[in-house]
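Here is the structure we will look at, set down as structure tokens.
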Protein chains: 2
Amino acid sequence: MDLTHTLHLGDKMKKDKLSRKEREQLQRRTEILQAALELFSQKGYHNVSMQEIAARAEFAVGTIYKFFKSKEELYREVLMQTAILICSTLSEVLEEKVNEYITIKKYLETKCKLFMENISAIQLYFAEVGGGVRINVKRALDTELRSFYDQMIRKLATVFDKGIQKKIFQAFDPYYLALALESISNAFLFEWMENPDKFPISTIADLTEKIFLERISLLPK
Amino acid sequence: MDLTHTLHLGDKMKKDKLSRKEREQLQRRTEILQAALELFSQKGYHNVSMQEIAARAEFAVGTIYKFFKSKEELYREVLMQTAILICSTLSEVLEEKVNEYITIKKYLETKCKLFMENISAIQLYFAEVGGGVRINVKRALDTELRSFYDQMIRKLATVFDKGIQKKIFQAFDPYYLALALESISNAFLFEWMENPDKFPISTIADLTEKIFLERISLLPK
DNA sequence: TTATATAGTGAATTTGGGTTCATTTTATGA
DNA sequence: TCATAAAATGAACCCAAATTCACTATATAA
């Protein structure tokens, strides 16, 4: 059984159907991914050695290679896992068919929670997908990751678009509104991540709402 | 003569007092820095070899080492040059003692021009100093660069602060206003850098003014 | 309990690329 | 023009770290 290929992320949902052995394998794979995530997010791809990852995951180097073809593939898996977590969580919120203003508020809340609960993942994700610049470990990865991100922004834009049509928001290019909301909330969230103790994370959603929703996008009635 | 130590950036101003030989050396040093900047900004520190830099600069590898102790030092010099360019240009604008609204507008204009004329430098700079996340080649560098950036943000905040006191801007934590303006304008500028042909760069300043100045910060009279 | 397969190990090998330095080329000035 | 110094060169060296693989340990089945 070649674990490298049989146990993809997409198969995770079948977990409860797996044999004990398979479950154990999956568990180990997950542990390696977790160790790698923590290290990569802390120090970046090139400053982490396979030795280090192995040590943190409490396996031998060779074992890592039983699960992942190469360091690069391991990195890719870590990134993909992360991108899927973030984008799918947020996309879900953006697809709910309720009042657009509520959707945006919920989006902000969810994003804050996501940041709070997955600091390592977030750091890694933004180091790669970043504030717009992309100097990535691999260009190929780039494209794939990037498209996840773009998709989300476009969904956000759609919400603004509908909200504008319904006269909930002020008329403005919805794509730019999406970019603006995304970047402002990120800026505040990074500020929070730097010293999480300075203020509670709930402030972020409030701040963003005050500065963005109330002043830019919301149409005064 | 040990060029590594005698010819710092700070000494550039003395250029016209230098002998022909010294001028030639400085010129060579600059050419190496330029080649390195282009490569680093395109592919990132770890994906560029000294061989490559040497080739692009049309020197032998050994020659590079006559000018820079190590790859890391070369990188550091490139980054510093860049940070100084960006931060000093913008700081200058922010320190002018005119109407705060004008200052912000001019800041945006200058920033656009800076982005347009120094794409490589900008990419490198933001890859390191980034949208807030920092996984850097070297932690030490990080701190230094970071403080340049922080200083600028703080100057921007001061402008807002004064503007608020003069009732030009709406009352809001000036530091968060600074962060917001910074992040929105960056987001738009990165959008532009991705495909510069989609719209002229002048749109950026307009966009940011429309979305930010007019709606968030400017106090309606 | 023993045989067989499967999983895990980590020392040894390989590799990529940063750095060095003996040699060559160029510039200076007598 | 020739001697000497300064600068440039790039093949060879070296090392860190990715990858491999022969071996050991463990689980499964007969």
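Bear in mind the structure is a predicted one, so any value in this text is a computation, not a measurement. First the proteins, then the strands, lettered A, B, ... as listed; each starts at 1.
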Going through the checks in order, is the side-chain contact (heavy atoms from CB on, under 4.5 Å) test met by B:I204 and B:F115? CA-CA 11 Å; B:I204 300 292; B:F115 267 61; over 6 Å; no

Taking only N and O in the side chain of B:R28, is any of them less than 4.0 Å away from OP1 or OP2 of D:dA8?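 Yes.
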
[N] [atom2] sits how many Å from [X] [atom1], rounded?
| X | N | atom1 | atom2 | result |
| --- | --- | --- | --- | --- |
| B:F40 | C:dG17 | CZ | P | 13 Å |
| A:K71 | C:dG16 | NZ | C1' | 13 Å |
| B:E72 | C:dG18 | CD | P | 12 Å |
| B:Q51 | C:dT20 | CD | P | 14 Å |
| B:F67 | C:dT19 | CZ | P | 17 Å |
| A:E73 | D:dT19 | CD | P | 11 Å |
| A:F59 | D:dA25 | CZ | P | 18 Å |
| A:E24 | C:dG8 | CD | C1' | 13 Å |

Out of [options], which has the shortest distance to the side chain of [X]?
| X | options | result |
| --- | --- | --- |
| B:A60 | D:dT19, C:dT9, D:dG10 | D:dG10 |
| B:Q25 | D:dA8, C:dT19, C:dA7 | D:dA8 |
| A:Y65 | D:dT19, C:dG18, D:dG10 | D:dT19 |

Within the supplied structure, the quantity of interest is the number of heavy atoms (other residues, nucleotides, ligands) at a distance under 6.0 Å from B:E24 CD; does it exceed 12?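 Correct, the count exceeds 12.
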
Measure distances between side-chain N and O atoms of A:K66 and base N and O atoms of C:dA7, and say whether any donor-acceptor pair falls under 3.5 Å. no

For the pair B:D206 and B:K210, find out whether any cationic side-chain nitrogen is under 4.0 Å from an anionic carboxylate oxygen.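 Here B:D206 does not pair with B:K210 in a salt bridge, since their nearest N and O are not under 4.0 Å apart.
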
Rounding to 0.5 Å, atoms CD (A:E58) and OG1 (A:T63) come to a distance of 12.0 Å

Looking for any heavy atom pair under 4.0 Å, which part of the strands does A:S49 touch: base, sugar-phosphate only, or nothing? sugar-phosphate

Show your reasoning for whether side-chain contact (heavy atoms from CB on, under 4.5 Å) applies to A:Y125 and A:C87. CA-CA 11 Å; A:Y125 180 70; A:C87 291; 3.6 Å; yes

